[in-house]
Amino acid sequence: MDHPPTEPRDDGPRAAERNERPGRYDPTTLEARWRQAWKDQGLYTVDLDDSSRPKYYFLTMYPYPSGDLHVGHWYAEAPADAAARFRRMRGYNVLFPMGFDAFGLPAENAAIRAAREGEKVHPMSLTYERIDRMEKQFEQMGAMFDWSKKVVTCDPEYYRWNQWVFLRMFERGLAYRKESLVNWDPVDQTVLANEQVIDGRGDRSGALVERRLMPQWHFKITDYADELLDFEGLDWPEKVKTMQTNWIGRSEGAQVAFQTEAGPIEVFTTRPDTLWGATFMVLAPEHPLVPRLTTDARRAEVKAYQAAAARMSEIDRQAEGKAKTGVFTGGYAVNPVTDERVPVWIADYVLTTYGTGAVMAVPAHDQRDFEFARAFGLEVRVVVQPEGAEALDGATMAEAYAGDGVLVNSAPFDGLRVGKEGAQEGIGRVIDWLAERGIGEKKVTYRLRDWLISRQRYWGTPIPVVYCDACGIVGVRDEDLPVELPADVDFLPTGQSPLTLHEGFLNTTCPTCGGPARRETDTMDTFMDSSWYWFRYLSPHLDTAPLDSRLAKAWAPVDMYTGGVEHAILHLLYSRFFTKVLRDLGLIDHGEPFVRMRNQGMILGEDGEKMSKSRGNVVNPDHLVEAYGADAVRAYLMFIGPWDQGGPWNYQGIEGVSRFLNRVWSAIAAPTEEAGVQADTATLRELRRAVHQAIAKVSDHLEGFRFNTAVAELMTLQNALTKAKAAGAAGSPEWAEACEAMTLLLAPIAPHLAEELWARAGNDTSVHLQAWPVADPEALARDEVVIAVQVGGKLRGEVTVPADAGKEDVLAAAKASPNVRRHLEGMVVVREIVVPGKLVNLVVKPQG
RNA sequence: GCGAGGAUGGCGGAACUGGUAGACGCGCCAGACUUAGGAUCUGGUGUCUUUGACGUGCGGGUUCAAGUCCCGCUCCUCGCACCA
């Protein structure tokens with residue numbers, strides 16, 4: 001099953017040839033040697049108590065241990081490593097840790113598959129094997145990960161603290177159990193959080209999600225909805241902030257009660273100003289008042305509709321362009337402002353999970369209500385007339401009018417300007433009036449729902465509660481943590497968690513009364529693990545608390561977080577929530593986990609398609625490293641294009657980068673035979689200028705995560721080096737400076753090659769411990785500049801003038817240029833534009 | 001439908017606050033070294049009817065000057081999508 005999907009293009013003959021000739025750039029042996037040396041020296045082990053330098057916590061999303069390191073991992077982590085190394089050379093004490101998000105369905109599914117074939121595989125041993133394999137592959141990358149702080153979330157020393165935090169949340173009512181309509185994934189045999197359902201399908205299995213009523217554990221993330229909308233001070237991609245804002249979906253409006261014989265129906269509306277136009281009501285089919293409102297004459301039809309709605313999947317129910325359906329209950333409610341009796345309908349376009357599960361229908365001013373009214377012949381009453389336009393007529397209008405306008409047919413408020421665009425104030429006045437009369441009140445509703453964390457699976461953190469007949473739901477005592485996963489379980493393809501069948505795990509005693517009790521068999525969503533893991537890197541083995549508050553205070557929040565945008569909502573929203581909870585528990589004193597964030601794009605196959613085994617376009621990083629060396633793979637991934645865009649892999653592209661590294665090698669490391677400096681001073685000055693320009697630009701690009709242009713700039717410097725060497729610059733102080741600068745600038749991108757060149761230059765401390773070079777403005781200065789000369793906005797020539805030439809001199813030189821003179825013939829110059837150091841534009845018109 | 005981002009040579013992509021479009025790399029062409037080269041090195045390479053004209057998705061506009069700013073479109077990618 002593990003055969004390589006693509007053959008390496010070019011490893012055999014070229015690699016062999018390289019090995020034959022000593023003195024050539026041989027990444028394979030050189031890189032292995034340096035990785036060993038770094039390990040032996042502990043070069044990347046961070047002293048968290050070192051306060052001599054400012055700290056910088058650089059975090060990159062930890063992977064799920066699939067057992068095989070993909071180029072996608074390289075793409076995510078190699079440029080991040082370069083950015084982290086750059087920070088370090090800039091004088092920061094940089095923490096760049098790595099670990100594994102080790103719980104999860106794939107390992108358990110593999111165990112079930114194996115069991116089906118009569119084999120015994122445990123997710124635990126499988127996961128640890130895969131972690132070992134991935135760690136070895138990770139090492140090839142030559143990244144400065146501090147593995148001494150590794151976190152593995154399936155280890156009891158980690159998940160024990162998931163349980164501890166859960167208990168604190170349980171005590172505060174932030175974790176609670178509630179029967180609710182949930183998303184059931186029939187393939188993975190578990191419930192899913194709303195965030196894990198994409199287009200009505202499970203995000204991992206792709207199965208159509210079913211709706212089931214089950215008692216489930218939730219976290220009260222909605223308590224933090226408003227705080228989660230505040231991104232003040234966060235340097236995050238705009239896209240991620242927008243996605244989270246939309247997900248939380250805050251709506252301001254009013255809650256209004258409509259009286260019925262069966263009791264009041266509460267509705268939420270963002271347009272209480274249109275209450276006078278509410279001509280009917282619509283409830284979700286699951287609304288609790290439906291049975292009592294329904295008249296006997298309508299009961300059979302209502303029940304049939306409810307049953308049909310329950311059978312339908314979420315995807316069918318919300319299908320695009322679906323025509324409105326619904327049935328009349330036979331019941332009526334009283335519109336509280338008009339005192340009219342309005343019919344109560346049920347329809348599946350009203351969602352039971354949003355707001356109160358009931359709406360007041362204002363067909364003239366809401367498109368959905370309008371469509372429903374037209375479908376069933378209900379009254380459309382206009383209460384908002386647009387200003388400066390033809391008056392609307394409920395009988396003839398073709399669509400709802402949702403814009404701003406003036407109230408009509410609305411007793412005390414006729415003439416009031418209302419609307420969401422510019423007349424919010426009018427809506428506020430109506431709400432105040434409703435509140436004074438006890439009809440309604442101001443209300444804020446969110447789309448965000450509480451985070452459902454129960455999973456009916458084995459391979460996760462056991463939820464640390466027991467069920468006691470006498471005491472109810474009781475949390476496990478802290479001293480009895482962790483509640484460990486039993487190792488002796490059988491994985492049966494029954495769709496049942498092995499925990500529910502394990503008597504030794506199930507039976508326990510109640511911590512309160514000591515009587516017999518049964519353990520909870522649900523485990524936690526694995527997003528629980530990733531919601532606080534970065535704190536654990538600081539003290540991975542601490543056994544008295546989830547985190548070391550002193551170290552957390554010193555190192556958190558994370559200064560830079562990198563990873564894929566696919567986590568924009570799930571992981572990143574949960575992590576923000578968790579950080580606020582940990583703050584409220586008094587463990588830390590900040591509320592946001594990640595100050596800065598950058599997302600990388602996706603690396604595609606050579607055909608521009610997403611890499612997949614079935615397409616056969618998977619690029620294998622191990623083979624590439626064998627053929628070109630880790631530095632070339634790193635540098636090519638950075639060179640491929642803007643990091644946040646991703647892009648297709650190209651085998652010819654990596655050849656180019658590999659050639660570049662070879663040229664650096666032969667320019668700097670290869671012995672020069674010519675004795676003495678042949679180059680003239682102009683050449684040496686030009687070399688120095690190129691060096692300092694590269695320093696300035698590479699610094700700027702790395703600072704801005706523009707790895708592609710950083711590599712391009714190094715290539716430009718290399719071309720200057722080649723040219724200078726050919727002109728006999730070798731042996732000069734300028735040449736030595738250039739070689740040193742090139743080596744330092746290359747260090748974050750190609751750490752092995754840079755280290756080798758640094759050592760060959762006679763240094764005995766690592767290049768990665770050196771200070772980043774600083775550009776000398778004097779070296780950048782030129783004494784002559786080339787000025788472009790335009791006539792009438794079109795380029796007609798170039799002139800070289802002294803850098804400090806005055807405007808008149810520049811103009812004179814420009815006009816003297818032969819081609820320019822030709823274009824000025826028969827013309828009058830009407831305007832002269834001089835952009836210092838750049839260009840001259842002579843605006844002309846025909847003579848006479 | 002709503003929101004965000006994008007469209008530049010044969011290809012991946014550069015271009016700071018408007019100021020010589022195409023940096024850098026790939027590919028291609030020519031040459032050098034070679035028994036040979038898919039290795040290495042050197043030079044060239046936007047298009048065309050080449051003293052010049054035309055060129056940054058399309059159509060307008062502002063400006064001495066527009067890939068960049070403004071107005072109106074087309075297409076692509078991503079996210080959300082009956083949220084009251």
Side-chain angles (χ1 to χ4, degrees), chain A residues 10 13-14 17-18 198-199 237-243 245-247 249-251 253 267-271 274 282 284 317-322 324 347-351 353-362 366-369 371-372 445-448 565-566 568-569 601-602 608 636 639-642 644-645 647-657 659-660 662-663 666 697 700 706 708-719 722 726 786-798 818-819 822-823 830-844:
Chain A
D10 195 4
R14 285 192 52 210
E17 183 199 13
R18 271 203 293 260
I198 318 277
D199 291 336
E238 215 49 50
K239 179 180 178 152
V240 175
K241 292 194 274 187
T242 308
M243 282 171 72
T245 303
N246 292 340
W247 183 261
R250 182 190 153 99
S251 294
V267 298
F268 171 73
T269 174
T270 57
R271 292 297 303 271
T274 63
V282 188
R317 235 171 114 154
Q318 302 198 2
E320 189 177 355
K322 179 174 168 279
K324 293 283 176 292
D348 63 5
Y349 81 88
V350 177
L351 308 174
T353 45
Y354 182 77
T356 62
V359 302
M360 61 175 214
V362 184
D366 179 285
Q367 187 57 26
R368 295 152 302 180
D369 298 344
E371 286 166 22
F372 193 82
T445 294
Y446 303 89
R447 205 185 84 112
L448 180 71
V565 246
E566 65 274 17
I569 295 178
M602 204 193 299
Y636 177 60
F639 187 60
I640 208 163
D644 57 357
Q645 265 174 44
W649 180 269
N650 181 322
Y651 283 92
Q652 285 166 335
I654 194 172
E655 290 278 358
V657 171
R659 252 173 254 169
F660 155 66
N662 268 291
R663 280 196 278 257
S666 43
K697 289 198 168 176
D700 193 44
R706 293 183 299 270
N708 57 331
T709 45
V711 174
E713 219 45 65
L714 286 175
M715 288 173 166
T716 306
L717 176 59
Q718 177 49 42
N719 293 340
T722 304
V786 179
I787 303 276
V789 185
Q790 296 179 335
V791 178
K794 293 200 164 132
L795 187 67
R796 298 301 179 194
E798 273 178 358
N819 196 39
R822 191 161 43 241
H823 282 92
V830 294
R831 205 170 149 189
E832 291 164 339
I833 293 181
V834 179
V835 181
K838 287 264 178 189
L839 66 66
V840 167
N841 187 10
L842 304 169
V843 186
V844 292

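Each chain gets a letter, A, B and so on, in the order its sequence line appears, and its residues count up from 1.
Between the C1' atom of C2(B) and the CG atom of Asn246(A) lies a distance of 9 Å, rounded to the nearest Å. At whole-Å resolution of the value, CD in Glu238(A) and P in C80(B) are 17 Å apart. Across the protein-nucleic acid pair, Lys241(A) atom NZ and G3(B) atom P stand 19 Å apart, rounded to whole Å. A straight line from CE of Met243(A) to C1' of C80(B) spans 8 Å, rounded to a whole angstrom. For the pair Asp644(A) CG and C78(B) C1', the interatomic distance rounds to 13 Å; values are reported in whole Å. What separates CG of Asn841(A) from C1' of C64(B) is a distance of 5 Å, to the nearest Å. The CH2 atom of Trp649(A) sits 18 Å away from the P atom of G25(B) (whole-angstrom rounding). Nucleotide A4(B) holds its C1' atom 7 Å from the NZ atom of Lys239(A), rounded to whole Å.
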Kindly give the atom pairs (protein nitrogen or oxygen, nucleotide nitrogen or oxygen) under 3.5 Å for nucleotides 41-44 of chain B.
none

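With both pairing distances under 3.5 Å, C54(B) is matched to G46(B) as a Watson-Crick or G-U wobble pair. Searching all strands for a Watson-Crick or G-U wobble partner of C69(B) with both distances below 3.5 Å returns G61(B). Across all strands shown, G1(B) pairs with C80(B); the Watson-Crick or G-U wobble distances both stay below 3.5 Å. Base pairing annotation: A32(B) forms a Watson-Crick or G-U wobble pair with U40(B), both donor-acceptor distances under 3.5 Å. Pairing partner, G9(B): none, since no Watson-Crick or wobble contact has both distances short of 3.5 Å.
Within the 4.0 angstrom heavy-atom criterion, base atoms lie near Val359(A). Residue-level contact check: Asn819(A) touches the backbone only, with heavy atoms under 4.0 Å from sugar-phosphate atoms and none from bases. Counting non-hydrogen atoms under 4.0 angstrom, Arg796(A) reaches the backbone sugars and phosphates but no base. Nucleic acid contact class of Val711(A) (heavy atoms, under 4.0 Å, all strands): none. If you check every strand for non-hydrogen atoms under 4.0 Å, Asn719(A) touches sugar and phosphate atoms only.
Out of G19(B), C82(B), A84(B), the shortest distance to the side chain of Gln790(A) is found at G19(B). The listed nucleotides are U20(B), G19(B), A84(B); the one nearest the side chain of Glu798(A) is U20(B). For Val786(A), the listed nucleotide lying nearest its side chain is U20(B); candidates were U20(B), A84(B), G52(B). Side-chain proximity of His823(A) to the nucleotides C24(B), C82(B), G52(B) is greatest for G52(B). Closest contact between the side chain of Leu795(A) and the listed nucleotides G52(B), C64(B), U20(B) involves U20(B). Across A84(B), G3(B), A23(B), the shortest atom-to-atom separation from the side chain of Thr269(A) is found for A84(B). With U20(B), C24(B), A84(B) as the candidates, the nucleotide lying closest to the side chain of Leu839(A) is U20(B).
For Lys794(A), a side-chain nitrogen or oxygen approaches OP1 or OP2 of C54(B) to under 4.0 Å.
Checked by distance alone, Lys324(A) brings a side-chain donor or acceptor within 3.5 Å of a matching partner on the base of C82(B).
In this structure, a donor-acceptor pair under 3.5 Å is present between the side chains of Arg822(A) and Asn819(A). Inspection of the Thr709(A) and Glu713(A) side chains reveals no N or O donor paired with an N or O acceptor under 3.5 Å.
Nearest heavy-atom pair across Ala788(A) and Glu798(A) is CA-CG, 4.4 Å. The minimum heavy-atom distance between Leu839(A) and Ile787(A), with the atom names listed, is CA-CG2, 3.6 Å. The two residues Val267(A) and Thr356(A) come nearest to each other via the heavy atoms CA-OG1, 3.4 Å. Of all non-hydrogen atoms in Phe660(A) and Leu714(A), the two that sit nearest each other are CE1-O, 3.7 Å.
The distance from atom CG of Leu448(A) to atom OH of Tyr354(A), rounded to the nearest 0.5 Å, is 11.0 Å. Separation of atoms CE (Met715(A)) and CZ (Arg663(A)) is listed at 8.0 Å; rounding is to 0.5 Å.
Using C1' as the reference atom, A84(B) and G5(B) are 30 Å apart when rounded to the nearest Å. Across the C1' atoms, G9(B) and C26(B) are found 13 Å apart, a figure rounded to whole Å.
Look at Asp700(A) and Arg706(A) and you find a salt bridge, because one of the NZ, NE, NH1 or NH2 atoms lies within 4.0 Å of a carboxylate O, short of that distance.
Using bins of under 30°, 30° to 60° and over 60° for the plane-to-plane angle, the ring pair Tyr636(A)/Trp649(A) lands in the perpendicular bin.
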*Report, as a single string ordered 5' to 3', how protein heavy atoms within less than 4.0 Å touch nucleotides 7-16 of chain B: B base, S sugar-phosphate only, - not at all.*
-----BSS-B
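Side-chain contact between Val840(A) and Leu842(A) is present, with heavy atoms from C-beta onward closer than 4.5 Å.
Syn is the glycosidic conformation of G9(B), whose angle stays within 90° of 0.
Along RNA chain B, the nucleotide closest to Ala788(A) and the one closest to Gly357(A) are compared, and the more 5′ of them pairs with Ala788(A).
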